[in-house]
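The block underneath contains the structure these notes are about, expressed in structure tokens.
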Amino acid sequence: MTIKAKIAAFISALVAIILILNISIYYYSTKNDLERRTENQMGIIAKQISATVEATQKSRKYMEDSAGVMLRNAALAAKERLDPDIAGVTNEELVELSAELGIDNLTLWVREDDGDIVVARSSDPDELGQSSKTWDYWFTAFTQLFENREVTIPQGEKLKNYWTGPINFSTTNPDRVDKWGYYYDGTTNYLINPFINAEQFLDFERSSGTEAVILKILRDNPDVLDITGFNPQFFGKEKIIKYKKGSPVYNLDVRDIAFGDYFYQDEDDAEHILEASESKKIVTVHDTDRGVRLIKSFIPMDVANHLVVGIVSDGETIRQELNHQLLVQIVISLILAAFALFASYFLAGFLLRPINRILETVNEMARGRLNSRLEVRKMDELGMLSSRINAMGDSLEHHTSRLKESAEELRSMKQYLESFVNHTSDAIHVSDLEGNVTQTNKAFETMYGWKEREILLRQLDNVPPDHVRDFERIRQIVLQGGAVADFETARYAKDGTLLDVSLTVSSIRDEADRIIAIATISRNITERKKTEELLRRSEKLAVAGQLAAGFAHEIRNPLTTLRGFVQLQQEQGSLQPSYLQIMVSELDRINHIVSELLIFSKPQAVRFQEAAVPDIVGDVVMLLESQAKLNNIDISVRCADALPPVRCEPNQLKQVFINLIKNAMEAMPGGGTLRVEGESLPDDRGVSIRVIDQGEGIPEEALGRLGEPFYSTKPSGNGLGLMVSQQIIATHKGYMKFMSQVGRGTVAEVTLPASGASIVLEPDLGKPSTA
């Protein structure tokens, strides 16, 4: 496709996008406007219904209050006419009194010994023997009248010594709706209960109340399909059905539908009703019912019980009006798009004339004629482009000569780098991101034994099985942009020899700063490791010699006990079993101390295994406890519960902790408390062991030199013990650090990674710390 056609297509597409956006904005704004008007209409209807409901409730309340007062007066009159003892009242007397007082019936309730309140006398034979124990808040009101003569429940109307409940279905005749009053002032041993038929209240609501207004609104607004009053307290919950005379009755005071019909039911309506009731805002949703588009508005009412009015309107009218407007907009847009297409095609041809001249000149330059020039007629954007192309031609001629010189310099630099890589004593190999070797140097062949052609484009499989996890972690660090320097590990040579090596691993990036390969520099440290092992053994023997005096004292105590029991045996002829048990315990103690000393002093094969650090610390404390007592030092060990295990060589760690605890004891010539504390690192990534003394402390200028060979703060020290300890901790992928204040003491902290956890690395160094 030519640029001319592309420009015409681009302009046309841009016009089309603008028109589509205009149609979309118009569609949604019109839709929102129509929905807003519908919602406002629903709000007006809801306000009208709310006013009607409020007026109806006020009228009904006035009528109920009047009936309640009338029933109370009837109760007072009955109290004056009846014997205060229930035994002196007959049912026939109540029938005559009801007719005389102008009420339908009169019932007397008594309270029994078990707390139940039952009907003892009544003008209605069906009422006799009724129990009120299962009548919810009615029973509560009866109880309060009998006990306090005052009712405090929120339902119904309260007067002095009197309560009247809401109208409801009669228990003895579920087909009837009654209004009851209850009076008790303590002068009688029964509760006086006059009641009348309340059908007139319901008839009032049907003829002049909310239901009548709803029918009129539905007739006057054809788009309104349904109006319903919901009670959020009960809607969406299991209906409370009472059985009266064996028939299920849905009481008036627990109904979820307060007024209206609920034709368009949906299981999500309960959620919308609750949302409207709690937020006090209108909730509008769109729905379909039997293929009919509906708009449901749930509007909270600020009346008693906090009802929510649900108004369902026909959404088809809005859709039809929107479709008509959309069709008109589409037709107009298609006409405008066609005009834009033709106009943009001719406009593109006019604009491309100077560009074609520039293209011809650039093509000449591409063929090598860098001295080609454009005529600059105007200093507009195209004129500026022409002048810059002329300048580019001059610059290209200059840089072409420079590039030839740079190419020669790069060739010379490449030869220099190749010579440097091939003549260094460190083995270097480069791998791609899949691990295939792409380049090696001569030192690699000397150290490992593989020739370059043998492993080129193959993976180097020389990682011992127990170092594979570390190898993968280092690889992930490098792939994420980091680097690892001087990481001590082990690798196999071609002939199977296991070499101790120090690795420096880094990434190789391209000009876009993307990682394309991994470079590994290996240095053989096998001989250095042997020297370090000799130092460790020498330091271990030195420590064992220093511990001998303490062990002699520790062993002498149980031997004294054994000697005493033997003398006792000689004098008495026999020993009690408890004495023999003490002797066996003391012999075991001697055997354990001697075994620990032998294990510590003789050379041990280095075998890494999972071990619990508290057990290792406990063994060391047991070895040094006698020496501590001689120096008036109390060793306190406190380790957190359930420390994660570490992968280690236990005897080497014992050597480290013996060195740290001995140093701490030597720093406390006056005695005191030496604390050993252990805790887990966050997420169980490892453990931290701290040796805390109350010694003289270490000056700040000396802290940085701790661990240097032949440097010590002790007059007779040589610094080798701390150096060996740091090397052991580094081998375990951990680190050691010291904190001290002169005159207050020193804290030596050893941090070790948990078994299976990530390598503990110092920030920005990429290697295990040794200080």
Side-chain angles (χ1 to χ4, degrees), residues 392 395-396 398-448 450-464 467-492 499-525 730 733 735 753 757-770:
M392 182 182 67
S395 181
L396 285 174
H398 172 70
H399 285 86
T400 299
S401 60
R402 292 286 302 275
L403 283 174
K404 292 178 181 179
E405 297 173 0
S406 298
E408 183 62 26
E409 291 178 2
L410 287 174
R411 185 185 63 79
S412 175
M413 180 62 69
K414 179 181 179 184
Q415 291 176 348
Y416 173 78
L417 290 175
E418 288 179 350
S419 174
F420 173 78
V421 170
N422 287 324
H423 290 85
T424 183
S425 60
D426 292 335
I428 301 174
H429 72 276
V430 180
S431 305
D432 60 18
L433 299 183
E434 284 72 35
N436 300 315
V437 177
T438 59
Q439 184 181 354
T440 64
N441 66 347
K442 292 180 180 179
F444 181 86
E445 179 181 346
T446 303
M447 182 183 296
Y448 290 108
W450 282 286
K451 297 183 180 297
E452 186 176 32
R453 65 175 179 274
E454 294 177 328
I455 59 171
L456 197 63
L457 300 181
R458 297 180 183 176
Q459 292 190 355
L460 182 61
D461 187 15
N462 69 335
V463 181
H467 291 271
V468 170
R469 183 177 295 175
D470 289 345
F471 171 76
E472 289 297 332
R473 289 172 183 157
I474 292 173
R475 175 180 169 83
Q476 291 302 318
I477 290 173
V478 175
L479 290 177
Q480 292 172 7
V484 176
D486 300 331
F487 182 77
E488 296 181 5
T489 183
R491 293 290 185 269
Y492 285 119
L499 304 176
D500 290 314
V501 295
S502 174
L503 300 182
T504 297
V505 188
S506 58
S507 58
I508 299 176
R509 300 173 181 265
D510 60 9
E511 61 276 5
D513 201 36
R514 293 174 299 195
I515 298 176
I516 58 173
I518 299 174
T520 304
I521 302 175
S522 307
R523 176 170 294 176
N524 193 337
I525 59 172
K733 307 298 185 295
Y735 62 87
S758 301
I759 305 172
V760 180
L761 297 176
E762 273 192 337
D764 304 326
L765 292 181
K767 62 180 181 180
S769 172
T770 58

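Values in this document were obtained by computation on a predicted structure and should not be read as measured data. Nothing fancy with the numbering, it's 1 onward along the sequence.
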Measuring only between side-chain heavy atoms, which start at C-beta, is [X] closer than 4.5 Å to [Y]?
{"X": "L460", "Y": "F444", "result": "yes"}
{"X": "L479", "Y": "I518", "result": "yes"}
{"X": "K733", "Y": "D470", "result": "yes"}
{"X": "E452", "Y": "H429", "result": "no"}
{"X": "V437", "Y": "L457", "result": "no"}
{"X": "H467", "Y": "R491", "result": "yes"}
{"X": "I508", "Y": "V430", "result": "yes"}
{"X": "E488", "Y": "I525", "result": "yes"}

Rounded distance (nearest 0.5 Å) linking atom [atom1] of [X] with atom [atom2] of [Y]:
{"X": "N441", "Y": "M447", "atom1": "CG", "atom2": "CE", "value": "9.0 Å"}
{"X": "S506", "Y": "I477", "atom1": "OG", "atom2": "CD1", "value": "13.0 Å"}
{"X": "T504", "Y": "D486", "atom1": "OG1", "atom2": "CG", "value": "4.5 Å"}
{"X": "I455", "Y": "R453", "atom1": "CD1", "atom2": "CZ", "value": "11.5 Å"}
{"X": "I515", "Y": "D432", "atom1": "CD1", "atom2": "CG", "value": "13.5 Å"}

Should we say atom [atom1] of [X] is surrounded by more than 12 heavy atoms from elsewhere, each under 6.0 Å from it?
{"X": "R458", "atom1": "CZ", "value": "no"}
{"X": "D461", "atom1": "CG", "value": "no"}
{"X": "R475", "atom1": "CZ", "value": "yes"}

Exercise: identify the closest heavy-atom pair between D500 and N524: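 Where D500 meets N524 most closely, the heavy atoms are O-OD1, 3.4 Å.
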Heavy-atom pair of closest approach, residues I516 and D510: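 In this case the closest contact between I516 and D510 is CG2-OD2, 3.8 Å.
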Working for side chain to side chain donor-acceptor pair (under 3.5 Å), residues T440 and Y448: CA-CA 11 Å; T440 64; Y448 290 108; over 6 Å; no
Donor-acceptor pair, side chain of E472 and main chain of R469, under 3.5 angstrom: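 Not a single qualifying donor-acceptor pair exists.
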CA sep, side-chain torsions, deciding dist, call: Y492, L499, side chain to side chain contact (heavy atoms under 4.5 Å, CB included): CA-CA 6 Å; Y492 285 119; L499 304 176; over 6 Å; no
